[in-house]
Structures are given as structure tokens and as C-alpha cells.
Amino acid sequence: MNYTNLLKIALRAIAANKTRSFLTALGIIIGIASVITMLAVGQGTKMSIQANIAEMGSNMIMIGPGADRRGGVRQDASSMETLKMTDYESIKDECTYIKAISPVVNKSGQFIYGNENTPSTIYGINQDYMEIRQLNVADGEMFTDADIKTSAKVCVLGQTVVDNLFPNGGDPIGKVVRFNSIPFRVVGVLKKKGYNSMGMDQDDLVLAPYTSVMKRILAQTYLGGIQCSAITEGVTEKATEQITNILRRNHKLKDATDTTPADEDDFNIRSQEELSSMMTSTSDMLTILLGCVAGISLVVGGIGIMNIMYVSVTERTREIGLRMSVGARGIDILNQFLIEAILLSVTGGLIGVTLGLAASYGINTMAHWPIAIEGWTILMSFAVCTFTGVFFGWYPAKKAAQLDPIEALRYE
């Protein structure tokens with residue numbers, strides 16, 4: 001018996017019991033549809049998180065002052081004065097793995113224009129900050145190097161601040177707004193970015209030269225932080241290591257010796273890569289969990305195939321005996337029932353893939369959840385359903401192939 005005849009026999013057997021065949025494949029259909037849908041949602045969530053993190057900045061590295069102990073009490077890191085302009089200049093001149101760097105100081109307070117006011121935060125930065133945080137000016141222009149050198153009282157407003165201070169839609173360019181009691185002339189408006197994945201309004205900010213904020217608002221000579229951007233994501237770790245060495249040297253921190261431990265860093269360095277890695281690992285665990293839960297239904301569907309195949313073998317015992325008596329070998333009987341099981345699982349897989357894709361797009365349309373359907377999920381689904389058919393169909397098929405022809409013909 002060739003495989004063409006075996007395939008025809010399997011198809012006739014399935015067609016003769018349509019309802020039972022459909023119910024047999026139903027477990028596979030539900031399982032495959034569930035796996036594809038869950039993986040699409042999981043991958044979509046992962047990609048959405050990565051996109052939102054990327055919007056926060058380009059290969060960003062954040063350097064902040066480290067907490068210190070005074071009299072046995074750990075101090076707030078924000079009150080530390082460990083980062084100086086010399087640190088910024090050293091990193092800018094010596095670090096070969098960064099393409100943009102900006103000092104950062106900030107102060108929260110009330111912005112006032114006419115009868116309108118709004119609470120927000122003013123950030124003292126330089127022009128590189130725009131590249132690091134992927135910000136763009138939509139109206140007007142960015143302040144210049146000359147403004148930084150002269151500590152000019154100029155600023156660029158975020159869209160949320162504009163909406164609150166100019167509710168009637170007036171043009172803010174050239175207007176003078178006050179931060180607490182200090183006037184700043186508006187030279188530009190940032191392009192709207194909206195909320196990030198953590199629910200923070202990325203447009204509720206005001207940018208000004210760092211020299212202006214340090215001298216005219218904070219009256220301080222130290223930095224609140226330094227932000228820089230690595231050349232590529234792949235060299236972030238090397239950039240972090242190089243920055244660490246520069247700062248330890250500048251701050252005269254001693255390395256470990258045979259008799260003494262190394263001095264603790266009086267600064268903190270955090271990279272966007274760390275945040276992305278943490279969020280991605282969490283998302284991956286969630287995706288795996290969802291896939292495993294959905295995969296349980298595949299096992300249930302496989303058990304359903306095995307049970308129905310047992311019933312089919314029992315019902316067709318006389319047919320098996322007849323085929324073997326006219327020359328069919330055990331391998332032919334094994335292949336006959338195995339092909340039947342594979343057909344059921346693959347057909348169920350095809351229907352399941354279609355339902356899974358429809359369910360994924362339905363969730364995206366109605367619930368507005370991000371989805372990402374990748375080719376490997378569909379290929380994996382087909383591989384799993386084929387394996388399910390072979391694995392759960394092989395044992396009943398083997399039992400059928402081992403039947404004694406005489407006993408099978410006598411079966412009632």
C-alpha cells in the first residue's frame with residue numbers, strides 16, 4: 001500500500017465521521033489559536049515597552065550624585081555636591097564612547113504668564129540634551145551657545161506648559177514668562193511627545209541654559225546630574241566603565257589594595273540599556289507564562305486525539321484484520337492511523353492559526369492592546385500541532401499494527 005492510498009483511506013475515514021473528527025480537532029484548534037493570540041499580545045507588549053523606552057532617549061546614560069553617610073546617617077543623593085563642571089568637561093573630553101553629553105540641573109516651581117499659571121519643572125541643559133532625549137523644536141528655535149555663556153534668561157516650553165499658560169491659543173514665542181519671580185523670554189516650543197509607558201507627561205517641562213538655572217535660580221556651582229548618549233547601544237557598557245574610571249580619578253577615590261578595600265563610588269551611573277533589559281526580561285517571562293498556559297490546551301487536544309484514535313481502532317478492528325489478511329503489513333496499518341491523526345492535527349492547526357490571527361487583530365481593534373505577530377510563532381504552532389498528531393496518534397496506531405489478523409477478524 002503506497003502513501004497515496006493511505007492518505008485516501010485516512011480522508012475517507014475522517015469524512016465518514018465529520019462531527020467526531022471536528023470535535024477531535026477542536027482541542028488543537030483552541031490550543032493553537034490561544035498560543036498565537038497570547039504570544040501576539042506578549043510580543044506586542046514587549047515591543048511597545050521597548051519603543052517607549054527608546055522615546056525617552058537615545059542610548060542614554062544617566063550620571064547622578066551618590067548618597068553619602070554623615071554621622072552614620074545616609075543622606076539624600078539629590079543633596080550631594082559630588083558632581084562638578086570639571087567632571088562634565090572631563091567626560092566630554094576623554095570619553096571616546098559617547099556622542100552627546102549635557103549637564104543637568106532642575107528646579108520645580110510655578111510658571112506665570114499674565115493671569116495664568118501652572119506648576120512645572122525647569123531643566124538647565126545644553127543643546128546636546130535635545131539629541132540625548134530625542135526632543136525637537138516645533139516652533140521658534142533652541143537657545144544658543146552664546147545664551148549659555150552669558151547665562152541668558154531664555155527658555156523653551158513644553159507643549160503642556162504652553163497649553164496651560166496660553167489657553168486661548170496665543171503664540172508664546174517672544175513672550176516673557178516668570179518662574180517664581182524670575183523672568184524668562186520664550187524662544188521656542190518643543191514638539192509634542194505625549195505620555196511615556198510609565199504615565200509621565202513628557203511635555204510638562206521647560207528647558208533653559210544650565211548656566212542660567214545654576215546662577216539665577218539655584219545659586220549653586222555643582223550639577224544635579226549629567227546625561228550622555230553612547231555612540232551605539234552595543235558600547236554602552238564600555239562607555240559606563242570609562243565614565244566610572246574618569247569620575248573615580250577626578251574624585252580621588254582609592255582602588256582596592258591587598259590590605260584595604262576600594263573606596264565606594266560617590267556617584268551613580270544608570271543606563272537606558274539596564275532599564276530596557278529589566279523591562280524586556282519581565283515582558284519575556286510574561287510572554288512565556290502566557291504561552292505555557294495556552295499550550296496546556298494543546299496537550300488536552302492531543303489527549304483528545306489519542307482517545308478518539310483508540311475508539312477508531314476499536315471500531316475498525318475487523319477492517320484492520322481484513323486488510324492484514326489480504327497482505328497489508330503492520331507498518332501499513334501504523335501509517336494509516338498515523339496519517340489520520342496527523343491530518344486531524346494539521347487541519348486543526350490551520351483553522352487554529354486563522355482563528356488566532358483573527359482574535360489577535362480583534363483584540364488590537366477593540367481593546368487597543370499592542371500586538372506583534374511574528375513568523376516564528378506560526379511556524380512553531382505548526383510544528384507543535386504536527387508533533388502532537390505524531391506523538392498522541394502513534395501509540396493507538398502501534399496498537400492497531402500489532403493486532404493479530406485472525407483475532408481481529410473474529411472481533412465483534
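Because only heavy atoms are used, hydrogens play no part in the values below, and waters and symmetry mates are left out as well, while side chains stay in. Counting begins at 1 with the first residue of the sequence. Bear in mind the structure is a predicted one, so any value in this text is a computation, not a measurement.
Scanning both residues, Cys228 and Ile243, for their nearest heavy atoms gives SG-CD1, 3.8 Å. Closest approach of Thr96 to Gln242, counting heavy atoms only: N-OE1, 2.9 Å.
A heavy-atom distance below 4.5 Å is found between the side chains of Ile91 and Ile63. Asn136 places none of its side-chain heavy atoms less than 4.5 Å from the side chain of Met130. Asp332 has its side chain out of reach of Met324: every pair of non-hydrogen atoms, C-beta onward, lies at least 4.5 Å apart.
In the displayed structure, Glu241 atom CD is contacted under 6.0 Å by at most 12 heavy atoms of other residues, nucleotides or ligands. For Lys175, the NZ atom sits in a packed shell: over 12 heavy atoms of surrounding residues, nucleotides or ligands are nearer than 6.0 Å. For Lys84, the NZ atom counts as densely surrounded, since its 6.0 Å shell holds more than 12 non-hydrogen atoms of other residues, nucleotides or ligands.
Using a 3.5 Å distance cut-off with no hydrogens or angles, the side chains of Ser102 and Asp128 do not pair a donor with an acceptor. Side-chain N/O atoms of Asn106 and Thr121 include no donor and acceptor closer than 3.5 Å. With 3.5 Å as the limit, one finds a donor-acceptor pair spanning the side chains of Asp87 and His251.
Between the side chain of Ser151 and the backbone N or O of Asp147, no donor-acceptor pair lies under 3.5 Å. A donor-acceptor contact shorter than 3.5 Å is absent between the side chain of Asp266 and the backbone of Thr82. With hydrogens and angles disregarded, no donor-acceptor distance shorter than 3.5 Å links the side chain of Asp93 to the backbone of Ser90. Arg133 places no side-chain N or O within 3.5 Å of a backbone atom of Met60 that could act as its donor or acceptor partner. Under the 3.5 Å distance criterion, the side-chain polar atoms of Lys238 are left unmatched by any main-chain donor or acceptor of Val235. Not one N or O on the side chain of Thr37 forms a donor-acceptor pair closer than 3.5 Å with the backbone of Ser34.
Distance check, rounded to the nearest 0.5 Å: CD1 of Ile148 to OG1 of Thr211 gives 6.0 Å. Distance CH2/Trp376 to CD1/Ile378: 11.0 Å, rounded to 0.5 Å. For the atom pair Ser212 OG and Ile122 CD1, the distance stands at 8.0 Å (nearest 0.5 Å). For the atom pair Leu343 CG and Leu7 CG, the distance stands at 5.5 Å (nearest 0.5 Å). How far CD1 of Ile61 is from CD1 of Ile226: 11.5 Å, rounded to the nearest 0.5 Å. Lys107 NZ to Asn180 CG: the interatomic distance, rounded to the nearest 0.5 Å, is 7.5 Å.
Ion pairing between a basic and an acidic side chain is recognised when a charged N comes within 4.0 Å of a carboxylate O; Glu94 and Arg249 show such pairing.
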Got a list of side-chain donor-acceptor pairs under 3.5 Å for residues 155-164, not counting sequence neighbours?
unit_1	atom_1	unit_2	atom_2	d
Gln159	NE2	Asp163	OD1	3.0
Thr160	OG1	Asp201	OD1	3.4
Thr160	OG1	Asp201	OD2	2.7
Asn164	ND2	Thr118	OG1	3.1
Asn164	ND2	Thr160	O	3.3

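The aromatic rings of Phe179 and Phe111 sit tilted, their planes meeting at an angle between 30° and 60°.
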Exercise for the section: Decide salt bridge (Lys or Arg N to Asp or Glu O under 4.0 Å) for Asp139 and Lys191; before the verdict, give the C-alpha distance in whole Å, the side-chain angles of both, and the deciding distance to 0.1 Å. Expected result: CA-CA 8 Å; Asp139 244 344; Lys191 185 178 179 181; over 6 Å; no
Problem - Audit row: Arg12, Glu340, salt bridge (Lys or Arg N to Asp or Glu O under 4.0 Å) steps and yes/no - result: CA-CA 10 Å; Arg12 281 199 298 267; Glu340 191 173 325; over 6 Å; no
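The salt bridge (charged side-chain N to carboxylate O under 4.0 Å, His left out) check on Glu141 picks up nothing, with sequence neighbours excluded.
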